[in-house]
Amino acid sequence: MIFLSFGVKTDVVFDFLKKRLFFLRYSSKFFLIGVYLPSENFFKNIIMSQSVTAFLGEVAKRNANEPEFMQAVREVAETVIPFIEENPKYQGKMLLERMVEPERVIMFRVVWIDDKGITQVNRGYRIQMNSAIGPYKGGIRFHPSVNLSILKFLAFEQTFKNSLTTLPMGGGKGGADFDPKGKSDIEIMRFCQAFMTELSKHIGGNTDVPAGDIGVGGREVGYMFGQYKRLRNEFTGVLTGKGISFGGSLIRPEATGYGDVYFAHSMLQTRGKSFDGQTVVVSGSGNVAQYATQKATQLGGKVVTMSDSSGYIYDEAGIDAEKLAYVMEIKNVNYGRISDYVKKYPSAKFVEGKRPWEVKCDIALPCATQNELDEAEAKTLVANGCICVAEGANMPSTPEAVTVFTNAKILFAPGKASNAGGVATSGLEMSQNSLRLSWTSEEVDDRLKVIMKDIHEACVQYGSDGNGYVDYVKGANIAGFVKVADAMLGQGVV
Ligand SMILES: NC(=O)C1=CN([C@@H]2O[C@H](COP(=O)(O)OP(=O)(O)OC[C@H]3O[C@@H](n4cnc5c(N)ncnc54)[C@H](OP(=O)(O)O)[C@@H]3O)[C@@H](O)[C@H]2O)C=CC1
Ligand SMILES: O=C(O)CCC(=O)C(=O)O
């Protein structure tokens, strides 16, 4: 039998052959070859995969050399296009085609002077991706790897994530290829001021409200806010993650890590489990990792690893509150390396140049950066008995790793759902700024818990397969899409 396949994914054809052909021995000489009639769904899947392939082909043509952006778009297309095909309301309006096209990309020169008096030049960006449901909202990343592809993937993800929070925030992201490592405090300030001098022309409390991300924490947000105020002569909630004394929200620093753990907790509950007594592996040692570690520990988990780009530490006894305070001192005060941990706690070990996924655990929280967990590492996690992966970082698992998790039917939450607590609390900071009020930690944390629970429910609503398994990737993408798409439909062709 020859199966001709044009433009159809080969795995679909292979799937057909596996499921539809059967062989029976009739006599010593003859075999009967039987074939089942293909189901309606089979042909639907072929047509669907053709529309996904065609869509991705067009997007790839317009976005050459942007692998991270294409990776993020592919994941959304594979789950949202079938949904669109089943819902005529979303057809014929080029909604997804519009969503992958940033409303605006701003790219600019950032010139500043280092401590030696030498002039330095960096490249700054702001991607204003989608404003259908509110002002552009999303962090600023300072890291040497920053480029258009990475920021577009982040801005695209942000649009869906912000929609999931149910708060009125569009999607955006920005940053610069500036490396904060090894820079003095005054150099950081000069860079932030130079960066904001241009960025201030494009943002505003009702237009675009940036915040922190990798390499940008409370210190950098403060310097950027000060420069914005100086240039514009206005005190507005133009950035979130501000210091508490000038309009910041309590719990915003904790929110992404806490939210990640709250989301994981909701997932675990669907299987009658919790953090209590579980071994947890965390990657990263920055903002998200620190507070994920804190909350997982408070809920009874034992976090045994943290990492940075130089390697990971393994502390079999667990990183308790006192040890975490030391990590915070290393990272937030000394801007040092995670390897310093073993100087104070020599019973722990530092594993240089490796990632922590080889450590046996029940729960994994990737909280460092994109594509930090690959297929082989995913297989190791599953083989070691890991039952839950909740992404604190944005897109930390490669697509192949995600396939390993979903095939193994373990609990897997994509970052756009599980790390949405950070931007959700930024949304709460915007509300407090508009009201000129400050809520207590308990009030903000309670709202955060409700938001994370609601995101979990939205994922279950759109991601359940009817047999008890929840595909949180599908659920998050469709739930995120629906709100943005409805708003775009309501606003006409813009
Ligand atoms: N901050 C927030 O509110 C939110 C953050 N996120 C996402 O969470 C992740 C972490 O952000 P955040 O904690 O804020 O950032 P931080 O800058 O505070 O910390 C980043 C951590 O990740 C590590 N890291 C960065 N790049 C790499 C790399 N290429 N390889 C290995 N480790 C790396 C850093 O190590 P080193 O110091 O050695 O570079 C550091 O430990 C990012 O994906 C971010 O987009 C998502 C939602 C909100
Ligand atoms: O709080 C914000 O606006 C930024 C959050 C962010 O960058 C993210 O969710 O990835």
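Residue indices begin at 1 and follow the sequence shown. Every number for a ligand or one of its atoms is a count from 1 in the order of the listing.
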For this session: Look at atom 25 (C) of ligand 1 and find which of D308, N419, T369, V423 reaches it with the closest heavy atom.
Result: T369
Problem set entry | Nearest heavy atoms of S163 and K483, plus distance in Å | OG-CB, 3.3 Å
For this session: Would you check whether K161 has a nitrogen or oxygen atom less than 3.5 angstrom from a nitrogen or oxygen atom of ligand 1?
Result: no
Exercise. Going by the atom numbers of ligand 2, which of them fall below 4.0 Å from some non-hydrogen atom of A211?
Worked result: 1 (O), 2 (C), 3 (O), 4 (C)
Exercise. Does a side chain donor of either S397 or E391 reach within less than 3.5 Å of an acceptor in the other side chain?
Worked result: yes
For this session: Decide whether an N or O pair under 3.5 Å exists between K173 and ligand 1.
Result: no
Exercise. Are any of the N or O atoms of N419 closer than 3.5 Å to those of ligand 2?
Worked result: no
Exercise. In Å, rounded to the nearest 0.5 Å, how long is the span from CG of D315 to NZ of K349?
Worked result: 11.5 Å
Exercise. Out of G175, S309, A368, who gets a non-hydrogen atom closest to atom 9 (C) of ligand 1?
Worked result: A368
For this session: Could you tell me whether G212 and ligand 1 have an N or O pair separated by under 3.5 Å?
Result: no
For this session: For atom 1 (O) of ligand 2, find the nearest protein heavy atom and state the residue, atom name and distance (0.1 Å precision).
Result: S426 OG, 2.5 Å
Exercise. Looking only at heavy atoms of R141, does any of them come nearer than 4.0 Å to an atom of ligand 1?
Worked result: yes
Exercise. For ligand 1, is there an atom lying under 4.0 Å from some heavy atom of R252?
Worked result: yes
Exercise. Should G241 be listed as contacting ligand 2, given a heavy-atom distance under 4.0 Å as the test?
Worked result: no
Exercise. How about F142 and F191: are their ring centres within less than 6.0 Å of each other?
Worked result: yes
Exercise. Counting each atom of ligand 2 from 1 as listed, which ones have a heavy atom of K161 under 4.0 Å away?
Worked result: 8 (C), 9 (O), 10 (O)
Seminar exercise, completed: Exactly one candidate in N419, T425, D213, L448 meets side-chain contact (heavy atoms from CB on, under 4.5 Å) with T256; the answer is N419
Seminar exercise, completed: Here the atoms of ligand 2 under 4.0 Å from any heavy atom belonging to G139 are 4 (C), 6 (C), 7 (O)
For this session: Would you check the N or O atoms of Q370, main chain and side chain alike, for any that come under 3.5 Å of an N or O of ligand 1?
Result: no
Exercise. Polar-atom distance check: S310 versus ligand 1, any N or O pair below 3.5 Å?
Worked result: no
For this session: Pull out every atom of ligand 2 sitting under 4.0 Å from any heavy atom of R252, numbered as shown with elements.
Result: 1 (O), 2 (C), 5 (C)
Problem set entry | Whether S307 lies under 4.0 Å from ligand 1, heavy atom | yes
Exercise. Does ligand 1 have any atom that is closer than 4.0 Å to a heavy atom of G217?
Worked result: no
Problem set entry | Per-atom contacts, ligand 1 versus N394 - under 4.0 Å to a heavy atom | 6 (N), 7 (C), 43 (O), 44 (C), 45 (O), 46 (C)
For this session: Would you mind listing which atoms of ligand 2 come within a distance below 4.0 Å of any non-hydrogen atom of K173?
Result: 6 (C), 7 (O), 8 (C), 10 (O)
Exercise. If you measure from each heavy atom of R337 to ligand 1, is any distance below 4.0 Å?
Worked result: yes
Exercise. With a 4.0 Å cut-off on heavy atoms, does H143 reach ligand 1?
Worked result: yes
Problem set entry | Passing option when E358 is tested against L381, T305, V351, N384 for side-chain contact (heavy atoms from CB on, under 4.5 Å) | V351
